[in-house]
Every structure is written in C-alpha cells, then in structure tokens.
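Following: one structure in structure tokens, then a few remarks.
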Amino acid sequence: MKHLISSLKTFQANSVIFTNLVKGFWLNTESVLMRQSQTVYKEIYLSADELLLETSLWLRRLGAEAPYTLEDFMANQTLGNVKPDTYCGVEMAMHLVPINKKIIEELKVLSEQAIIEKEFALLVHLNAATKKHKEWNWYLESSLKLPPNPW
C-alpha cells in the first residue's frame, strides 16, 4: 500500500504542475488563434482541477495525508521544470503534449498498482483521469496538424 500511496502523491503533484501550467497557458497565450487556444486551455485546466481534488480525496481515503504545500508538490513531482519560453498557443500545445503523455504513462502504472492492492474503487478515478488525459492529448495533437493542401 505504501508504494501505491507514494505513486498517488506523485500523480497528485504532477497534476498540480500540469493544471497550473495549463492555467498559465490560458492566461498568457498570444497568437492568431488566441481565442481558440484559450477555450481549449480553460476546458483542460478546469477539468484537471476537478481530477486533482478527487486524487487528493483518494489519498485521504487510503489513510495518507493529502499534500497541500508547494514544497510538498515540488518534492513529489517528476515532471521537472515545465515552463516554456513562448506565448504562442500552438507552441504551448507542442510543449504540453509530451508532458501529458508522461502523465498518461504514469496513470497506467498507477492503475496496475491499484489492481495489485485490490483498490478497485480507485480504478474508477484513475480510469476517468486516463480518459480525460487521452482526450486532451487528442485535442492537443489534432490542433497541431495542418489541414490538407486543397491544391
């Protein structure tokens, strides 16, 4: 159970980083597609914040403290320095895709740990989080594709 709780704390910390990164993108995007970028980023960070709360509740349900200080989040996160050097909405999407994919991989491992610990109710939350992150990955990667050349 200790390993599951530790991994859940890492997911929580990475979710804090991810949510705040996307919120920063929403606040700071500057490009021709600013309104479209803001719409997508706002949808992502609001949903990500709901998932983050549920992750924190699961830590409490498992008898662990739900970290809540910036120091705790920085100690538990595995994403590193994620701040991009751009305000372009498209470049921000390019920056976010590998971070989001890392979280998806982390969720797969976390789900396996929940199965080993027979915490099947936790899987409902992890599946919902995986579904959302995969959906966001689809949004982000699709927004980076160029339309077909009509000529």
Side-chain angles (χ1 to χ4, degrees), residues 1 3-29 31 33-62 64 66-70 72-146:
M1 184 64 79
H3 194 61
L4 176 62
I5 288 171
S6 176
S7 294
L8 200 55
K9 285 182 179 184
T10 298
F11 174 60
Q12 180 208 35
N14 287 345
S15 295
V16 168
I17 301 296
F18 178 85
T19 301
N20 283 290
L21 178 65
V22 177
K23 190 181 291 183
F25 285 1
W26 175 73
L27 289 167
N28 293 300
T29 188
S31 70
L33 300 173
M34 177 183 163
R35 294 297 294 154
Q36 294 90 333
S37 295
Q38 281 192 323
T39 299
V40 170
Y41 292 140
K42 185 175 184 179
E43 180 182 328
I44 292 173
Y45 88 72
L46 289 174
S47 294
D49 200 42
E50 288 177 20
L51 290 171
L52 174 59
L53 176 60
E54 185 66 17
T55 301
S56 299
L57 290 171
W58 267 105
L59 283 163
R60 295 301 296 144
R61 289 176 188 131
L62 295 174
Y68 57 93
T69 66
L70 293 177
D72 287 338
F73 297 139
M74 291 311 296
N76 288 313
Q77 69 101 359
T78 58
L79 298 175
N81 180 5
V82 296
K83 185 177 180 188
D85 296 325
T86 183
Y87 291 115
C88 173
V90 173
E91 290 176 3
M92 288 174 169
M94 290 171 54
H95 181 80
L96 196 56
V97 166
I99 294 167
N100 191 52
K101 284 183 175 181
K102 184 172 183 176
I103 291 174
I104 291 168
E105 290 305 312
E106 178 180 278
L107 280 162
K108 289 177 184 177
V109 172
L110 193 49
S111 294
E112 290 171 4
Q113 291 172 345
I115 290 168
I116 290 168
E117 293 292 337
K118 297 184 181 351
E119 290 293 341
F120 302 115
L122 174 58
L123 284 172
V124 174
H125 167 58
L126 298 176
N127 287 337
T130 301
K131 179 182 175 187
K132 276 302 196 183
H133 278 277
K134 284 186 174 189
E135 182 179 304
W136 299 331
N137 198 67
W138 170 51
Y139 288 171
L140 295 167
E141 286 187 334
S142 294
S143 70
L144 297 172
K145 292 181 180 175
L146 294 174

[X] [atom1] to [Y] [atom2] distance, which is reported to the nearest 0.5 Å:
| X | Y | atom1 | atom2 | answer |
| --- | --- | --- | --- | --- |
| Asn100 | Asn137 | CG | CG | 5.0 Å |
| Lys83 | Asn28 | NZ | CG | 8.0 Å |
| Thr55 | Glu50 | OG1 | CD | 12.0 Å |
| Glu119 | Leu110 | CD | CG | 11.0 Å |
| Leu59 | Glu54 | CG | CD | 10.5 Å |
| Lys23 | Ile44 | NZ | CD1 | 13.5 Å |

Looking only at heavy atoms, what is the nearest atom pair of [X] and [Y], with distance?
| X | Y | value |
| --- | --- | --- |
| Ile99 | Phe18 | CG2-CD1, 4.2 Å |
| Thr86 | Met92 | O-CE, 3.5 Å |
| Ser47 | Trp136 | CB-CZ2, 3.5 Å |
| Asn76 | Pro67 | ND2-CG, 4.0 Å |
| Leu107 | Leu126 | CD2-CD2, 4.0 Å |
| Phe11 | His125 | CE2-NE2, 4.3 Å |

Main-chain N/O of [Y] paired to [X] side chain as donor or acceptor, under 3.5 Å:
| X | Y | result |
| --- | --- | --- |
| Gln77 | Gly80 | yes |
| Gln12 | Ser56 | no |
| His95 | Asp85 | no |
| Asp49 | Thr19 | no |
| Asn20 | Val16 | yes |
| Tyr45 | Gly24 | no |

Under 4.5 Å between any side-chain heavy atoms of [X] and [Y], yes or no?
| X | Y | answer |
| --- | --- | --- |
| Ser15 | Leu51 | no |
| Lys134 | Ile104 | yes |
| Lys102 | Thr78 | yes |
| Leu122 | Leu4 | yes |
| Lys118 | Phe120 | yes |
| Val97 | Lys101 | yes |
| Pro84 | Leu21 | yes |
| Glu106 | Thr10 | yes |

What do the steps show when you test Ser111 against Asn127 for side-chain hydrogen bond (donor to acceptor under 3.5 Å, both in side chains), and what is the final call?
CA-CA 8 Å; Ser111 294; Asn127 287 337; 4.6 Å; no
Does the side chain to side chain contact (heavy atoms under 4.5 Å, CB included) test come out yes or no for Leu140 and Tyr41, once each step is laid out?
CA-CA 10 Å; Leu140 295 167; Tyr41 292 140; 4.1 Å; yes
Between His3 and Glu117, is a side chain to side chain contact (heavy atoms under 4.5 Å, CB included) present by the stated rule, with each step listed?
CA-CA 10 Å; His3 194 61; Glu117 293 292 337; 6.0 Å; no
I would like to know whether Asp72 and Lys9 meet side chain to side chain contact (heavy atoms under 4.5 Å, CB included); could you show each step before the answer?
CA-CA 9 Å; Asp72 287 338; Lys9 285 182 179 184; over 6 Å; no
Can we say Lys132 and Glu135 salt-bridge, meaning some charged N sits less than 4.0 Å from an Asp/Glu carboxylate O?
yes
